[in-house]
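One is the number of the first residue; the rest follow in order along the sequence.
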Amino acid sequence: MSPDLSSIALIAGNGIYPETFVKAARRAGVQRLVVAAFVNETKPELAEMVDAIEWFRVGQLSKMISFFVRQGVKQTVMVGQIAPKNLFDLRPDLRLLMMLARLKQRNAETLFGAISDEMTKDGIHLLPATTFLEDLMPARGHVAGPAIKKRRWEDADYGFTIAKESSRLDIGQTVVVKNGTVLAVEAFEGTNEAVKRGGAMGKGGATMVKVSKPNQDMRFDVPVIGPDTIRTAAEAGVDLIAVEAGKTLLLGLEELRQECQQRKVSVIAL
């Protein structure tokens, strides 16, 4: 489905992803941007960059869809994550409760897919999370930071294989490895906490690998790294980050490159 340049809505989580999308959408010629923002997640500054914004608590699905309908938008995009700890504080409305009751499994793919289905019932269609951002997905090779030796490429390749299997099992899309040993596998805690845990065990010189799921639905849960990822990795003792080429968004690219040079962290795409 081609983006509707007259009006697009954002379901905006945390980080710089929402503002990155807004800037790209404006460059692409989108005339009106509407935002569903979340308390304690979305940056308040985003309000100054868009045409309409309303604040919600996680779980207010019916209220959010009603907002989009009132605003007359027919397309939306999910940009930015919701912190795992806030999912524990979920306060579902009746529509979300009924949706959850129909799910046999509750993971990112089933939850976001079901939310998309609910919005479709009201004529609102979910666009790929990479819409207008295709130039931020790197091709295979060295991306940023110092050049690396052959042994580190081998570690990255090994981590890639493990991460693909972990993501296939819906456990997590990130692993930390060192010298052919798996130090940490991401689960519900999220990427940053997994990196901290794996880096602590590696005591320096560890490799983080982040991949997409097999048959990744590009409408949501797309792999993302940014400047904060570089800082977290460096502080944890991870000095190599490998991502999946053509499937991972690099946000804040110039700042990311600066952080890589300053903190001696390398980024490659496999």
Less than 4.5 Å apart, any side-chain heavy atom of K213 and any of Q173? yes
Working for side chain to side chain donor-acceptor pair (under 3.5 Å), residues S212 and K164: CA-CA 7 Å; S212 68; K164 274 294 185 182; 3.3 Å; yes
Evaluate whether atom CE of M218 has more than 12 neighbouring non-hydrogen atoms of other residues, nucleotides or ligands under 6.0 angstrom away. yes
Hey, quick one: are I230 and V176 part of the same hydrophobic cluster, counting side-chain heavy atoms closer than 4.5 Å, chains of contacts allowed? yes
Could you report the tightest heavy-atom contact between I124 and F68, atom names first, then the distance? CD1-CB, 3.5 Å
Shortest non-hydrogen contact from A234 toward V265: CB-CG2, 3.8 Å
Is a side-chain N or O of R152 found less than 3.5 angstrom from the main chain of G205, in a donor-acceptor match? yes
Under a 3.5 Å distance rule, please check whether S166 uses its side chain to pair with a backbone N or O of I162 as donor and acceptor. no
For S2, does its backbone N or O pair with a side-chain atom of Q75 as donor and acceptor, under 3.5 Å? yes
Can you confirm whether N215 is buried at CG, in the sense that more than 12 heavy atoms of other residues, nucleotides or ligands lie under 6.0 Å from that atom? no
Determine, for D93 against R95, whether the closest basic-nitrogen to carboxylate-oxygen distance falls under 4.0 angstrom. no
Using a 4.5 Å cut-off on heavy atoms from C-beta on, say whether the side chain of L240 contacts that of W153. no
Is there side-chain contact between I171 and E186, with at least one heavy-atom pair below 4.5 Å? no
Identify the two heavy atoms, one from V243 and one from P138, that lie closest to each other, and give their separation to 0.1 Å. CG2-CG, 4.3 Å
Linked, directly or transitively: L249 and V79 (ILVMFWY side chains, under 4.5 Å): yes
Using a strict threshold of under 4.0 Å (side-chain N to carboxylate O), is an ion pair present between K121 and D117? no
What pairs with R32 under side-chain contact (heavy atoms from CB on, under 4.5 Å), at least two apart in sequence or on another chain? S7, V34, D51, A52, Q71
Please confirm whether the backbone N or O of T232 pairs with a side-chain atom of E235, one donor and one acceptor, at under 3.5 Å? no
Report yes if some heavy atom in the side chain of Y17 is under 4.5 Å from a heavy atom in the side chain of L133; otherwise report no. yes
Would Q81 and N14 count as a side-chain contact (heavy atoms from CB on, under 4.5 Å) here? Give the steps. CA-CA 6 Å; Q81 293 183 323; N14 57 41; 4.1 Å; yes
Main chain of V177, side chain of T181: is a donor-acceptor contact present, judged purely on distance under 3.5 Å? no
For a 4.5 angstrom cut-off between non-hydrogen side-chain atoms, does R231 reach E259? yes
With rounding to the nearest 0.5 Å, note down the distance linking CD in Q31 to OG in S6. 6.0 Å
At what distance, to the nearest 0.5 angstrom, does CG of L126 lie from OG1 of T76? 6.5 Å
Judged by atom type as modelled, is there a donor-acceptor pair below 3.5 Å linking the side chain of H142 to the main-chain atoms of A144? yes
Qualifying residues under side-chain contact (heavy atoms from CB on, under 4.5 Å), relative to M49, sequence neighbours excluded: E19, V22, K23, L46
Between CE of M201 and CG of L183, what distance do you get to the nearest 0.5 Å? 6.0 Å
Taking a hydrophobic cluster as the set of Ile, Leu, Val, Met, Phe, Trp and Tyr residues connected by side-chain heavy atoms closer than 4.5 Å, whether directly or through intermediates, do V224 and V211 fall within one such cluster? no
Can a donor-acceptor pair be found, under 3.5 Å and without considering hydrogens, that links the side chain of R197 to the backbone of N192? no
Rounded to the nearest 0.5 Å, how far apart are OG1 of T130 and CD of Q216? 10.0 Å
So does R140 pair up with E244, basic N to acidic O under 4.0 Å? no
Do V73 and F38 sit in the same hydrophobic cluster, where Ile, Leu, Val, Met, Phe, Trp and Tyr count as joined when their side-chain heavy atoms come under 4.5 Å apart? yes
Give the cluster check for V77 versus M137: same hydrophobic cluster or not, with ILVMFWY residues linked at side-chain heavy-atom distances below 4.5 Å. yes
Would K210 and I225 count as a side-chain contact (heavy atoms from CB on, under 4.5 Å) if you check the C-alpha gap in whole Å, the side-chain angles of each, and the deciding distance to 0.1 Å? CA-CA 9 Å; K210 191 176 187 71; I225 68 168; 3.9 Å; yes
Please step through side-chain contact (heavy atoms from CB on, under 4.5 Å) for the pair F132 and F21, ending with a clear verdict. CA-CA 7 Å; F132 306 128; F21 177 85; 3.7 Å; yes
Can you check whether I115 reaches M99 side chain to side chain, under 4.5 Å on heavy atoms? yes
Would you call D217 and S116 a side-chain contact if the rule is heavy atoms closer than 4.5 Å? no
So, does S266 use its side chain to make a donor-acceptor pair with the main chain of A147 at under 3.5 Å? no
D239 vs K264 side-chain heavy atoms within contact, under 4.5 Å: no
